Amino acid sequence: MNKIKNITLGLLVVSAALLIFASCGNQTANEAGTQDAAAAVSTAAASAADEARAALSEAIAGARSYYEQIKDNASFAEFADDLDTRLQRAEAILASNQSTPEELQIAASDVAAALSVAQELVSAASEEG
C-alpha cells in the first residue's frame, strides 16, 4: 500500500511540476504576444505620425511658396501676414518631436485653409485693382 502511495505522490509531484512548467511557457508566450502587439501599435502610430508629418511638410512648402510670391506686395500685406503667422505655427508643430498625428493633421488643415483664403482674397483684390 505504501508503494502505491509513493507512486501516486510521485506522479502528483511530476504532474504539478509539468503544470508549472507549462504555465510558465504560456506566460512567456503571452508576454511575447503582448510585446508583439505593442510593437505593432507603436509602429502603426509611428507610421501615422510620419504620414501626418509628411503631409504637413508638403502643405507648408506649398503655402510658403505662395507667401513668397505675395509678401512684397503692399496690397496683399494683410493676407500675407496672416498666412505667415499660420505658417510659423505649423512649422513649430512640425519641428516638435512631441507633436501627435492629430496635431500634425490639424496644422496641415489650418495651413491649407489659410492658403485657400489667402489665394481667394488676393484674387478678389487683384480683380478689384
Side-chain angles (χ1 to χ4, degrees):
M1 189 74 153
N2 274 341
K3 208 174 200 183
I4 293 174
K5 283 184 183 179
N6 287 341
I7 292 172
T8 304
L9 185 59
L11 287 174
L12 286 173
V13 169
V14 169
S15 296
L18 287 173
L19 286 174
I20 290 170
F21 180 74
S23 172
C24 289
N26 285 340
Q27 184 176 5
T28 302
N30 288 339
E31 287 171 358
T34 301
Q35 289 172 350
D36 289 345
V41 168
S42 177
T43 300
S47 178
D50 290 342
E51 288 176 19
R53 194 169 294 283
L56 178 55
S57 181
E58 187 175 318
I60 288 171
R64 182 62 67 192
S65 174
Y66 188 73
Y67 168 76
E68 292 297 326
Q69 293 173 21
I70 66 170
K71 72 177 183 176
D72 293 328
N73 188 324
S75 301
F76 310 140
E78 184 180 339
F79 317 136
D81 287 345
D82 181 60
L83 182 57
D84 186 46
T85 299
R86 292 173 187 268
L87 282 167
Q88 288 177 26
R89 274 191 239 144
E91 288 166 340
I93 290 169
L94 183 63
S96 172
N97 291 330
Q98 303 301 317
S99 298
T100 66
E102 293 79 20
E103 290 170 325
L104 295 164
Q105 290 169 347
I106 290 168
S109 294
D110 185 51
V111 167
L115 174 60
S116 179
V117 167
Q119 288 172 330
E120 288 178 25
L121 293 172
V122 166
S123 178
S126 295
E127 288 175 8
E128 286 178 12

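What you see is a predicted model; the values in this text were computed from it and never measured.
Under the rule for a side chain to side chain donor-acceptor pair (under 3.5 Å), R53 has no partner lying at least two apart in sequence or in another chain. The side chain to side chain contact (heavy atoms under 4.5 Å, CB included) test applied to S96 returns Q98, S99, not counting sequence neighbours. R89 is linked by a salt bridge (charged side-chain N to carboxylate O under 4.0 Å, His left out) to nothing, counting only residues two or more places apart in sequence or in another chain.
Summarising the geometry, atom CD1 belonging to I60 is positioned 11.0 Å from atom CD belonging to Q88; distances are rounded to the nearest 0.5 Å. Taking CG of L115 as the reference point, atom CG of D110 lies at 11.0 Å (rounded to 0.5 Å). Here the straight-line distance linking atom CG of L83 with atom OH of Y67 works out to 8.0 Å at 0.5 Å rounding.
Residues L121 and I70 are members of one and the same hydrophobic cluster, defined by side-chain heavy-atom contacts under 4.5 angstrom among Ile, Leu, Val, Met, Phe, Trp and Tyr.
Residue P101 comes nearest to A52 through the heavy atom pair O-CB, 3.7 Å, listed as atom of the first residue, atom of the second, then distance. Taking both residues in full, the closest heavy atoms of R86 and V111 are given as O-CG2, 4.2 Å, listed atom of the first, atom of the second, then distance. In plain terms, the two heavy atoms of I93 and E103 that are nearest each other are CG2-O, 4.1 Å. L104 and A49 get closest at one heavy-atom pair: CD1-O, 3.7 Å. Contact record, Y66 with A118: OH-O, 4.0 Å, taken as the closest heavy-atom pair.
Using modelled atom types, no side-chain atom of S65 and backbone atom of A61 make a donor-acceptor pair closer than 3.5 Å. Without hydrogens or angle criteria, T85 side chain to D81 main chain gives a donor-acceptor distance under 3.5 Å.
The number of heavy atoms from other shown groups lying within 6.0 Å of CD (E58) does not exceed 12.
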How far apart are the C-alpha atoms of Q105 and L56, what are their side-chain angles, what is the distance that settles it, and do they pass the side chain to side chain contact (heavy atoms under 4.5 Å, CB included) test? CA-CA 7 Å; Q105 290 169 347; L56 178 55; over 6 Å; no
